Chemist: 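The following block contains the structure, expressed as structure tokens.
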There are 2 protein chains.
Amino acid sequence: MTKRVFFFGEGKAEGDSKRRDLLGGKGAGLAEMTALGLPVPPGFTLSTEVCTEFFATPNKPDLPSGVDAEIAEALAKVEAVTGAKFGDPENPLLVSVRSGARASMPGMMDTILNLGLNDACAEGLAKKTGDARFAYDAYRRFIAMYSDVALELEREPFNAALDKLRVKTAQAKGLDITRINAEELKKKVPDSELSADDLKALVAEFLSIVKKTSGKDFPSDPHEQLRGAIRAVFRSWNTHRAVVYRRMHDIPDSWGTACNVQAMVFGNLGDTSATGVAFTRNPSTGEKKIFGEWLPKAQGEDVVAGIRTPLPIDGSPESLEAKMPDAYQALLRISEKLESHFRDMQDLEFTIQSGKLYMLQCRSGKRTSRAAVRIAVEQAKEKLISQEEAILRVDASSLDQLLHPTLDPKAPKKFLARGLAASPGAAVGHIVFSADEAEKRAAQGKPVILVRVETSPEDIHGMKAARGIITSRGGMTSHAAVIARGMGKACIAGCSAASISYAEQTLTVTVYDAEGRQSETVVLKKGDVVTIDGSTGTIYAGEVPTIPAALAGEFGELMAWADKVRTMKVRANADTPLDARTARSFGAEGIGLCRTEHMFFEEDRISAMREMILSDDVQQRERALAKLLPFQREDFVGIFQEMRGLKVTIRLLDPPLHEFLPNDPKQLQQLSRTMGVSVEKLETRTKDLHEFNPMLGHRGCRLAITYPEIYAMQVRAILEAALHVASQGTEVYPEIMIPLAITAGELLRMRAIVDKVAGEVFANAKPVPFSFGTMVELPRAAIVADQLANVAEFFSFGTNDLTQSAMGLSRDDAGKFLPAYVETGLLPKDPFVSIDTEGVGALVQIAVERGRKTRPNIKLGICGEHGGDPASCEFFQSVGLDYVSCSPFRVPIARLAVSQAALRARKAK
Amino acid sequence: MTKRVFFFGEGKAEGDSKRRDLLGGKGAGLAEMTALGLPVPPGFTLSTEVCTEFFATPNKPDLPSGVDAEIAEALAKVEAVTGAKFGDPENPLLVSVRSGARASMPGMMDTILNLGLNDACAEGLAKKTGDARFAYDAYRRFIAMYSDVALELEREPFNAALDKLRVKTAQAKGLDITRINAEELKKKVPDSELSADDLKALVAEFLSIVKKTSGKDFPSDPHEQLRGAIRAVFRSWNTHRAVVYRRMHDIPDSWGTACNVQAMVFGNLGDTSATGVAFTRNPSTGEKKIFGEWLPKAQGEDVVAGIRTPLPIDGSPESLEAKMPDAYQALLRISEKLESHFRDMQDLEFTIQSGKLYMLQCRSGKRTSRAAVRIAVEQAKEKLISQEEAILRVDASSLDQLLHPTLDPKAPKKFLARGLAASPGAAVGHIVFSADEAEKRAAQGKPVILVRVETSPEDIHGMKAARGIITSRGGMTSHAAVIARGMGKACIAGCSAASISYAEQTLTVTVYDAEGRQSETVVLKKGDVVTIDGSTGTIYAGEVPTIPAALAGEFGELMAWADKVRTMKVRANADTPLDARTARSFGAEGIGLCRTEHMFFEEDRISAMREMILSDDVQQRERALAKLLPFQREDFVGIFQEMRGLKVTIRLLDPPLHEFLPNDPKQLQQLSRTMGVSVEKLETRTKDLHEFNPMLGHRGCRLAITYPEIYAMQVRAILEAALHVASQGTEVYPEIMIPLAITAGELLRMRAIVDKVAGEVFANAKPVPFSFGTMVELPRAAIVADQLANVAEFFSFGTNDLTQSAMGLSRDDAGKFLPAYVETGLLPKDPFVSIDTEGVGALVQIAVERGRKTRPNIKLGICGEHGGDPASCEFFQSVGLDYVSCSPFRVPIARLAVSQAALRARKAK
């Protein structure tokens, strides 16, 4: 039979503390601390397997047979160590019963304290401690807690009885209680002011409430109490809040929780007792110095409950250091011992009973990303951990917090609305409703937030001028979202809760309360200040203080270590010289995706672009393209100069042409005047270009199959720019990339255009070397990758589009059902955030294998937004890509993520 | 060294006549006829490999070295057999030089006749035949033809000189030539009236034209002539028209053409000579009787040129049978011999020189589908071929002609416009512009064609009443197209050339002439008659006679034979009891796809559907669904009754909900009144439901993830209907199919809905057996098919959507570039017509393998429109599907196609 119950106490632990899966985090910590000889009250852990067995019959969950005997055996050991006995009035053993899952789920499951009390034992405890108030306080707390958690009775009658007692006490103190509410009453009459007799009477009343509401007597047998408490702890694994928490934190339902039964120690037993929590280093800054809070004469729960304000652990006259120096020194020693033992910053819970320090919990402490970086780097320097461990210690995705300004978490905030988290970062500004206004106010030095229903190329100058952007329509790939990400500006897109009136110059939001009831309507006018958090998609009223990004110091050291171990390169998606410079400053080793279409959205170019689109024949189109050529060439010169010595992958025109035409009647009329083309013709052409499913339409290289002159112009711009830059002695290496190919024939056709133009450009010059490749962004491309590789010298996986096409999910439309898929577990994660390895990933793998079969040295990269997602990077490492490419601001994340992936891959070998 | 030149003559042929790939069709036929001892003028064939070698250096195509010697050797044999000699004035050998590809490409490549003439030989020929007119006529024809084809000179000067001679002759005859044009002149002065002297003078003039325009003398050396002619024939393989023809007929460029050099025989050598063509059976009706035409005193080209009207070969006083009975009898014997030798109907060319019959060509004859069926069946009954061969002889896709009314090919037609061939068949009727009008007129017994910009559910009654439908907007999957195909009605969709005015009640088309110039504007008014051909997408003015469908007789016999050999079942896609009945009458063995959404478009249901969509909560939605339940149940009862004993696969709701809402303001207002909901609310909801890419949106089982009650209602309707029908003693077997699944989790969720409803419906009754399966229509579904098969008992491949998603091609939008892809060979065929085996097909194969791995007996079918495409059926056979399902009218095509696929698969083993 498998062992199910594991004793710990007196320096010995039956459980293997490495087996968190079996003992849970708390149980493993207790076992480890016990084995280290630290002062831990004895106890035992029921393994997570018991929980699994408990739920084996979902309709009637119950403890497995045989476990009772194991519990009795472990309990006997606890009794032996403590000298106390369950139900013995002379020296009653009291225990706590707590959950403890493999991953921390703070506050999500249930706990019962002071178990083992009944009338006789309470009396005995009073006698033994000489503190009747303490004994009956413990007893009444136990009854209330047990009734709630194990008996599942309403809390209300117990609270009402306690309130009644408080009122009575307050009146006795002569307080006017007519004007104070329950919360205030609790502060005015703290528990410590309730007398032993009052508490004893309260216990009697509590017992009668139990009898009245449940129809049964409160169980006075400690063994029955224990059995009920254990069942309750296991049951709490499947409460609604616990299930939701697991979903949010990717914790499998199948893990189950362990249950820890441990002899009680009392921090509230007179003035020489206390309780507290501590971190072995500062969890906010990472500083190497114990950090914590304590409360004299209190139980652990009091620190959390917030009724009394905890005191600092050191550095003040009220500190533990000052008040109980011995206990403080003991804690310091234990803190150091535990950190060097676990080789990580620990989060500790302790209790001091009658001057003696007991450890109740230790676990790896949660920390801010800032602290995580500093701790990892400093611990590595202290030789506590290796550099490689330091690299693995930092959650790569959390670096985002360090790379953009963030909202001060402590600042008060007034929530207004939530939209899509389209581009990360926090920004504060005055709202304006037009790009011109944004530019005007920004020129006056005022920070502005540009608010638009949707943005279009005409708004670019306003977006540049603004600190952040809000739109009420459009998805994660809308114009606003894409441009904002490129610019590194905070953006909230598709905030449908915000109603925008250009006429009134107002932004109206309806705010709901916690229960989803409409609570108020807020109308913001032009010039009003809002704060937006693009990382969460939230709009707040007024100014919320922000914390700037910080990239130097330990952060830089960690990145340098990471760069040494990774096998994949990291490039950036950058469309402008400015993007390129940012990318390079973040450590990008090239550009993996330079989208050329954004170059056409700029105000001075869009009219030539539109002229091209409205052309009736090749000659007209070529004339318009000739106007665009110098602009594109200039852009590429800038980018090549910024990226000197590095490779730059340039994707030729991708979006359908209708994206470049205006869509409202006023703009159409304006365009008609500018271009001297009738509105009717413009409308007809727009109607002609309309598509039912633009994602699957006339775009990518399909444009060049029908209008080869477009790509010919772009290739000329690239190669002329490369020649120009090379002639100045700058090393340049363009990689020309074809979008949306599904056949080798398309690539051959495109290659012919490239070769013809190259022949012309380099007719009288030393040719600049370049390479030719394709996006793999449709399932067919992955399937026929062996054929594509005959022509393409590199593949770049466009996993955004590949996800859309392979899963049949339009990113702009999925908002209506994708959240339901993720919330109810149909999909493990949003597949646009982390690559769907089973489906989309399988296609990537097929393409990798087939591509390499044809061309063993083919260069393979990924330029979808998954390139900046750590979980996806792990996958890309596993299929053997050469590089990932992501937005400039995610380059450090990717560098760390691919380093971690490389380390894990090495370990797995 | 490979043999390149193959002699035939005197009963012996060097080439293996089975090797059409090497000898071409004509060369193989000549070799075969020679070997059969038939009277074939001797000659030789240069193989297609010579053509390939000719083009090996594309910039400078030339004959391979060494081939000259082989030609000389073969020529010597021809000289030996004929006794004539190249360039010998006493007895000059004249030859024809003709192309001859593996597949027939009539008129696409070049031919040169009478080669071998020069001044001396012409004189010799005149002497030998005693017919100087004949000799110089042959000479001047040769010079003109050779100058055009081999020397690539302009034809015009030669034609002008000939015209001048005709004018002179006409004037000599006393004709007034001022009023006649060149064509009429040709008839007034036939070549036979030009005198020998005139022709001799013409020859001299031709030779001087050559000298003047080319700067060189016309080659008088027959060997030089021959070399030039052979080069010209090979060159003609790559003329523009030949390339276009190959593209249209799926002939690979790589095949090349052979070149046949053959001793001339002359049908124009006096009154005992003639020329003609014949079919061994009637190519139009299939009747077993020689069928052909002839011309006395003429060369083969004259029959084709149409200057003289050919005469019937038999059954009239002017027939060959009457005029040259010996030659006719000889032809009859040869005809029978060739048909029984080749075991197929032959297309013959013959020439009679001085009373002696010569065979110049034989090949399998082209025939109408009607004839193809009759010939195949009769030949099988004659034991000429086996039943299996008969099955393989008929082009399955051509059966379409027999299954719908077709336009009489001989009838004169006035072309008006072309749109998409959305639903096949021909229809004649008076045009009307509203559904009500269509219904009204049809009730009066008048045939009508319904003309709409687009159709919507409100138009269904009008579509039912109409003979055919024309829309100016919408693609192959527009409402009009889908509904019309389901109804088996002719439909032309997206005819953008037609401008429709509801206000004026007019349909305006601009007609272009052959050169693409606008020639006239036709305005059709309500009540005007048009004829539409839904198989080609063409609209004609007025009434064009149609030929009704004929399914009995030989057709029925052939289908019965086919059914015996096939291994795949054939089902139909049918949404209504009427569809089901049609399908069954065409031999469908079940329904492979019953789309439930069309049931909601009917006028009496759409309002309940809209109520459901506009509901604010589950309760409201369930109330609206309860109204739909009886309608759906009734539909299923009807379908189950029609399909008694057969399986019916029902797909639950698939399209996005916005498809059910009206989209023009007027309809919205009307709906607002009917439903008592404000227009604003309707607009908001419509806006909410709008999708950027509906194909990839909130549809399929995603609807039931968010609104499970919709599927619950549908499942209830299915199972209640099944129970009702079963209780009447009718055998019923529903198969419930989930659309758009990409995860096994979705299927589990859907299965739970089905099981719950089934438990309720069958609570007090004997359960009706049913099965549960899924569409596989997205790449991810194919990739994770092993997981899906854990839940699904069957897969049905939705290859329409799978093609769209795998290739990233929106069917509705691809019109702008897909034609260019097919025309320029980037894709071998329209992937929506024939499945893209390399890409989409590979995904089907992956899904088949993985699905069977999990569930070896999983049932696999296909219900995309590829199910009715023969080439696709071949593929489905190869991957081992259990059935194909297609529209009712294509069921016979599919039955034949899968039989052919089974036979070929058996042979390939």
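Note that the structure is predicted; figures quoted are calculated from it, not measured.
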Chemist: Set out, in order, the CA-CA distance, both residues' side-chain angles and the distance that settles side-chain contact (heavy atoms from CB on, under 4.5 Å) for B/Arg473 and A/Lys687, then state yes or no.
Modeler: CA-CA 11 Å; B/Arg473 266 217 295 269; A/Lys687 215 183 82 184; 4.2 Å; yes
Chemist: Which pair of non-hydrogen atoms, one from B/Ala842 and one from A/Ile783, has the smallest distance, and what is that distance?
Modeler: CB-CG2, 3.5 Å
Chemist: For B/Leu827, is it the side chain, the backbone, both, or neither that has a heavy atom closer than 4.5 Å to a heavy atom of chain A?
Modeler: side chain
Chemist: Output yes when a side-chain donor or acceptor of B/Asn693 lies under 3.5 Å from a complementary backbone atom of A/Met695, and no otherwise.
Modeler: yes
Chemist: Counting only heavy atoms closer than 4.5 Å, note whether A/Gln787 contacts chain B via side chain, backbone, both or neither.
Modeler: side chain
Chemist: Of the backbone (N, CA, C, O) and the side chain (C-beta and beyond), which part of A/Leu818 lies under 4.5 Å from a heavy atom of chain B, both, or neither?
Modeler: neither
Chemist: Using the side-chain hydrogen bond (donor to acceptor under 3.5 Å, both in side chains) criterion, which residues pair with B/Asp813? Sequence neighbours excluded.
Modeler: B/Ser810
Chemist: Could you pull out the closest heavy-atom pair between B/Ala820 and A/Ile705, with the gap in Å?
Modeler: CB-CG2, 4.5 Å
Chemist: Looking at side-chain heavy atoms only, is the closest gap between A/Arg702 and B/Leu809 below 4.5 Å?
Modeler: yes
Chemist: Is chain A contacted by the side chain of B/Leu748, its backbone, both, or neither, given a heavy-atom distance below 4.5 Å?
Modeler: neither
Chemist: Roughly how far, to the nearest 0.5 Å, is CD of B/Glu838 from CD1 of A/Ile742?
Modeler: 11.0 Å
Chemist: Restricting to non-hydrogen atoms, name the atom on A/Leu826 and the atom on B/Glu746 that form the minimum distance, rounded to 0.1 Å.
Modeler: CD2-N, 3.4 Å
Chemist: I need the minimum non-hydrogen distance between B/Lys816 and A/Asp688, along with the two atoms involved.
Modeler: CE-O, 2.7 Å
Chemist: Which one of B/Ala806, B/Gly839, B/Ala744 has the most heavy-atom pairs closer than 4.5 Å to chain A?
Modeler: B/Ala806
Chemist: Could you pull out the closest heavy-atom pair between A/Tyr821 and B/Cys701, with the gap in Å?
Modeler: OH-SG, 4.3 Å
Chemist: Are more than 12 heavy atoms, taken from residues, nucleotides or ligands other than A/Lys853, located less than 6.0 Å from that residue's NZ atom?
Modeler: no
Chemist: If the contact rule is any heavy atom under 4.5 Å from chain B, which residues of residues 651-658 of chain A qualify, in numerical order?
Modeler: none
Chemist: Non-hydrogen atoms of chain B under 4.5 Å away: do they reach the side chain of A/Ala814, the backbone, both or neither?
Modeler: neither
Chemist: Measure the CG-CG distance between A/Leu843 and B/Leu843 for me, rounded to the nearest 0.5 Å.
Modeler: 7.0 Å
Chemist: How long is the span from the CD atom in A/Glu691 to the CZ atom in B/Phe692, to the nearest 0.5 Å?
Modeler: 14.0 Å
Chemist: Checking heavy atoms, do the side chain of B/Thr824, its backbone, both or neither come under 4.5 Å from chain A?
Modeler: both
Chemist: Which region of B/Leu778, side chain (C-beta onward) or backbone (N, CA, C, O), has a non-hydrogen atom less than 4.5 Å from a non-hydrogen atom of chain A, or is it both or neither?
Modeler: both
Chemist: What's the shortest heavy-atom distance between A/Pro779 and B/Pro779, and which atoms?
Modeler: CG-CG, 3.4 Å
Chemist: Which bit of B/Arg749 is near chain A, if near means a heavy-atom gap under 4.5 Å: side chain, backbone, both or neither?
Modeler: side chain
Chemist: Among A/Gly697, A/Ser805, A/Gly808, which residue has the highest count of heavy-atom pairs closer than 4.5 Å to chain B?
Modeler: A/Gly808
Chemist: Does the side chain of B/Arg780 reach to within under 4.5 Å of the side chain of A/Asp836, using non-hydrogen atoms?
Modeler: yes
